[in-house]
Amino acid sequence: MYSKEQIIANVLAGKSNVVQQEKGAVYAPANIALCKYWGKRDRTLNLPMTPSLSISLAQKGSHFAFEVLNEEKDRVKLNGIAIDAQHDFYQRLFSFINLFRRNDEPRLNIDITSTIPIAAGLASSASGFASVVKGLNILYGWQLSCSELSLLARLGSGSACRSLWDGFVEWQHGSRDDGMDSLGIPLDLVWPQLRIGLLLASSDKKSISSREAMAITKQTSPLYSLWPEQVAADLAMIKTALAEKNFTDLGEASERNAIAMHATMLEATPAISYSNAKTAAWVQQVWQLRQDNMPVYFTQDAGPNLKLLFLEDRYTDILQLFPDVEIIKPFSV
Ligand code: PMV
């Protein structure tokens, strides 16, 4: 078993943690998994049981600005509001940043703005931790590659290792105990017509963290033993569908994978459900639309919000059918 500190020392071998740049601003996109990560083989290093594959959300993500302070305490603003050391987010942020600072130096003024609701299953922790490692890379002048930053971001939150790139990213789960082979790999393909529709059922904090829920599922759900096989089949189908631009196969495999993840959680003890009445109604609506020959699919993460998958030519229909939907265009080309 390795500690986070050991892995950081490995990744940063030969690099200093002396401030090189006093001020900077970076951005990392959120990502939505089409094939999900659910369950860890190492809870300290966030090493997953299986691979996963995501699409980044372009302009939806986290802006991270920092400035070195000549003061005794760090200062943090989250979405424009100052938060103190008692705040959950503050604690999570600094327990991560302090893995990299010597004796808690330097003190920092941090401004982090998320363009998606925090902790509502819209993957804000992924873009958050990816933006933090990008910021530290500038602060300390490490000049690390995105792959190296992916290894570091994973230590903050598993799915963050996929938020270092735009477009499709596969997280190769790797087999090494030190996790040096468990990182995001961008896929060399674009799908300009692909659209993601965000349906916000609630922006409240999740009822149970994904970390906790994964552990309970892995330990108690009789269905969990089938999960690696499910992922292998869905991932293969998704990758082929992406290569062939076969939207039906992409939608079917992605939706099936999300349903399998939630079914596996429902079989846990205690049962875990992230859905609410709105989620259930939207799922029925999507299924009805498909019966009426409309190619729209959904995926759902650790929260009640639904993400619709569809192609550009259905833009107007989707807006009419789901008036509150926020439509993301993952590729700018
Ligand atoms: O990285 P975490 O701990 O926020 O877990 C993410 C879990 C899911 O969003 C449900 C799936 C995924 O692959 O992003």
Side-chain angles (χ1 to χ4, degrees), residues 28-57 60-62 88-89 92-93 95-96 114 116-133 150-165 168-173 179 182-185 196 198 205-218 221 224 227-228 230-231 234-235 238 253-266 268 272-275 279 298-307:
N31 73 74
I32 300 292
L34 300 173
C35 186
K36 309 293 185 190
Y37 146 56
W38 199 253
K40 304 177 202 261
R41 65 185 162 88
D42 182 321
R43 291 190 64 180
T44 305
L45 302 182
N46 292 332
L47 298 179
M49 294 292 290
T50 66
S52 55
L53 190 148
S54 62
I55 175 78
S56 288
L57 293 189
K60 287 275 169 202
S62 300
D88 279 3
F89 181 85
R92 220 174 151 203
L93 178 68
S95 62
F96 187 64
S114 170
I116 45 176
I118 303 260
L122 276 175
S124 55
S125 71
S127 58
F129 284 108
S131 72
V132 172
V133 295
S150 174
L151 289 169
L152 297 181
R154 193 198 70 233
L155 301 175
S157 156
S159 55
C161 80
R162 301 184 307 233
S163 270
L164 276 303
W165 298 270
F168 300 107
V169 179
E170 183 175 353
W171 175 6
Q172 299 193 343
H173 61 315
S182 185
L183 70 162
I185 312 275
I196 313 282
L198 302 183
K205 201 169 179 302
K206 311 177 187 181
S207 48
I208 173 169
S209 71
S210 48
R211 158 170 287 271
E212 195 62 14
M214 279 183 204
I216 294 173
T217 311
K218 189 179 161 209
S221 173
Y224 195 75
W227 177 243
Q230 176 83 41
V231 168
D234 295 339
L235 184 63
I238 288 172
S254 304
E255 187 175 297
R256 184 177 60 220
N257 186 262
I259 291 171
M261 179 181 81
H262 287 279
T264 307
M265 283 188 234
L266 263 184
I272 299 164
S273 169
Y274 282 110
S275 300
T279 326
F298 70 81
T299 185
Q300 182 191 355
D301 291 304
N305 307 312
L306 222 62
K307 290 98 184 188

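Just so you know, these numbers use all the heavy atoms, side chains as well, and skip hydrogens, waters and symmetry mates. Just so we're clear, the structure is a prediction, and the values are computed from it rather than from any experiment. One-based numbering, in listed order, for ligands and for the atoms of each.
- Under a 4.0 Å criterion applied to the non-hydrogen atoms of M214, ligand 1 contributes the atoms 5 (O), 7 (C).
- Those atoms of ligand 1 with a heavy atom of S210 less than 4.0 angstrom away are 2 (P), 3 (O), 4 (O), 5 (O).
- The minimum heavy-atom distance linking G39 with Y37 is given by the pair O-CE1, 3.8 Å.
- The two residues S131 and A28 have their closest heavy-atom pair at N-CB, 3.6 Å.
- Looking at residues two or more places apart in sequence or on another chain, you find a side-chain contact (heavy atoms from CB on, under 4.5 Å) between R92 and S125, F129, S157.
- Separation of atoms CD1 (I196) and CD1 (I32) is listed at 7.0 Å; rounding is to 0.5 Å.
- W38 counts as a contact of ligand 1, since one of its heavy atoms falls under 4.0 Å from the ligand.
- Side chain to side chain, S127 and K60 fail the donor-acceptor criterion of an N or O pair below 3.5 Å.
- With a heavy-atom cut-off of 4.0 Å, H262 does not touch ligand 1 at all.
- Under 4.0 Å from ligand 1, heavy atoms of S159 appear from its side chain as well as its backbone.
- With contacts defined as side-chain heavy-atom distances shorter than 4.5 Å, the pair S52/V231 does not qualify.
- Contact atoms of ligand 1 toward A33: 12 (C), 13 (O), 14 (O) (distance under 4.0 Å to a heavy atom of the residue).
- Here salt bridge (charged side-chain N to carboxylate O under 4.0 Å, His left out) pairs that include residues 37-52, with residues two or more places apart or in two chains, number zero.
- Considering backbone and side-chain N/O of R162, one or more are found under 3.5 Å from N/O of ligand 1.
- Between Y37 and ligand 1, a contact under 3.5 Å exists for at least one N or O pair.
- The atoms of ligand 1 that sit less than 4.0 Å from any heavy atom of G158 are 1 (O).
- Contact atoms of ligand 1 toward A302: 10 (C) (distance under 4.0 Å to a heavy atom of the residue).
- The residues D301 and K307 are annotated as salt-bridged, a charged nitrogen and a carboxylate oxygen being separated by less than 4.0 angstrom.
- Within the 4.5 Å cutoff, side-chain heavy atoms of F168 are placed close to those of L34.
- Residue contact annotation: S52 has no non-hydrogen atom under 4.0 Å from ligand 1.
- Contact annotation for R211 and ligand 1: no heavy atom of the residue comes within less than 4.0 Å of the ligand.
- Between I216 and I208 the shortest side-chain heavy-atom distance falls below 4.5 Å.
- Taking 4.0 Å as the cut-off, A126 does not count as a neighbour of ligand 1 on heavy-atom distance.
- On a distance-only criterion, N31 and ligand 1 share no N/O pair closer than 3.5 Å.
- The ligand atoms of ligand 1 that sit less than 4.0 angstrom from a heavy atom of S157 are 1 (O), 2 (P), 4 (O).
- In summary, the atoms of ligand 1 found under 4.0 Å from a heavy atom of S125, numbered by their order in the structure, are 4 (O).
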